[in-house]
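For this chain, numbers begin at 1 and follow the sequence in order.
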Amino acid sequence: MSKTVLQLAEVVRVFRQGRDSLAVLKGANLSLRAGEIVALVGPSGAGKSTLLHIAGLLEKPDEGEVIIADLACGALDDDERTRLRRANLGFVYQYHHLLPEFSALENVIVPQAIAGLPRAEAESRARELLVTLGLAERANHRPARLSGGEQQRVAIARALANAPAVLLADEPTGNLDPHTADEVFGLLLKLARGANLAALIATHNVDLARRMDRTIRLHDGVLVDN
């Protein structure tokens with residue numbers, strides 16, 4: 001049986017404004033294993049992005065625990081959380097958030113450079129990913145000269161550059177037309193499966209959800225099998 005690489009245990013998140021409060025997560029539980037690709041579904045405003053931010057150590061829960069690579073994260077300081085996130089997690093968002101002044105190749109090199117990888121090794125890895133994603137001829141182009149689908153493929157390469165154990169994606173094809181979305185998602189699945197990643201992918205697209213290993217729904221603050 002594959003190893004569990006990400007767990008959420010009784011995660012609670014409450015947003016407060018003055019005397020008002022809104023409980024978005026009310027004891028969410030999740031176990032994600034290596035090689036498992038899971039669709040996260042639910043209506044807009046249900047808290048899917050919040051859950052992904054907590055799973056990705058970008059936001060702290062009010063209660064409960066996040067466990068990554070067998071390490072409980074609740075007591076970690078910001079520097080420790082950053083190191084753990086950099087070593088174990090990759091992120092893909094609906095909007096690519098590429099650095100506009102850098103080429104596609106440089107955008108994929110940057111996270112590796114931050115992690116301390118030598119330039120030659122980082123560039124080799126970046127080129128390999130861009131070739132796999134069909135962007136060999138676009139490697140030296142800045143984001144403004146790339147189509148929406150091409151930009152999102154660069155974002156996928158960037159997310160996978162440091163060989164994470166877990167991929168978290170928030171509507172990664174939500175900003176693309178159906179044909180491009182299908183193509184980009186197929187490449188994402190190919191790379192994730194090839195690397196034996198655990199992946200949690202939020203989507204409203206029922207067809208894309210069916211292509212994953214299982215689907216969980218965020219309903220009234222808890223995760224349930226769909």
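Between atom CG of residue Leu105 and atom CG of residue Leu135 there is a gap of 11.0 Å, rounded to the nearest 0.5 Å. In this structure, CG in Asn107 is found 6.0 Å from CZ in Arg158, a value given to the nearest 0.5 Å.
Between the side chain of Asn162 and the main chain of Ala115, no donor-acceptor pair closer than 3.5 Å is present. Lys48 contributes a side-chain N or O that, together with a main-chain N or O of Gly42, makes up a donor-acceptor pair within less than 3.5 Å. With hydrogens and angles disregarded, no donor-acceptor distance shorter than 3.5 Å links the side chain of Asp182 to the backbone of Pro178. Judged by distance alone, with hydrogens and angles left aside, the side-chain atoms of Gln112 form a donor-acceptor pair with the main-chain N or O of Val108 at under 3.5 Å. Of the possible polar contacts, one joining the Glu150 side chain to the Ser147 backbone as a donor-acceptor pair under 3.5 Å is found.
Within 6.0 Å of the CD atom in Glu101, the count of heavy atoms belonging to other residues, nucleotides or ligands exceeds 12.
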Original post:
When you look at Ser49 and Asp170, which way does the side-chain hydrogen bond (donor to acceptor under 3.5 Å, both in side chains) test go after all the steps?
Top reply: CA-CA 7 Å; Ser49 294; Asp170 195 355; 2.6 Å; yes
Original post:
Given the rule in the side-chain contact (heavy atoms from CB on, under 4.5 Å) test, do Ile201 and Val92 qualify, once you have shown the distances and angles that lead to the verdict?
Top reply: CA-CA 9 Å; Ile201 302 174; Val92 181; over 6 Å; no
**OP:** Verify side-chain contact (heavy atoms from CB on, under 4.5 Å) between Lys26 and Asp220, making sure each step is shown before the conclusion.
**Re:** CA-CA 8 Å; Lys26 304 176 183 178; Asp220 195 26; 2.7 Å; yes
Subject >> Verdict with supporting geometry, Leu200 and Val166, side-chain contact (heavy atoms from CB on, under 4.5 Å) >> reply: CA-CA 8 Å; Leu200 181 62; Val166 180; 5.9 Å; no
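For Arg81, the side-chain hydrogen bond (donor to acceptor under 3.5 Å, both in side chains) test picks out no residue, with sequence neighbours left out. Contacts of Arg86 classified as salt bridge (Lys or Arg N to Asp or Glu O under 4.0 Å), with partners at least two apart in sequence or in another chain: none. Every residue was checked against the ring-ring contact (aromatic ring centres under 6.0 Å, His included) condition with Phe91, not counting sequence neighbours, and none meets it. By the side-chain hydrogen bond (donor to acceptor under 3.5 Å, both in side chains) test, Glu171 pairs with His204, sequence neighbours left out.
Applying the side-chain hydrogen bond (donor to acceptor under 3.5 Å, both in side chains) rule to pairs touching residues 190-203 yields Arg193-Asp213, sequence neighbours excluded. The list of side-chain hydrogen bond (donor to acceptor under 3.5 Å, both in side chains) pairs with a residue in residues 61-76, not counting sequence neighbours, reads Lys3-Asp70, Arg13-Asp62.
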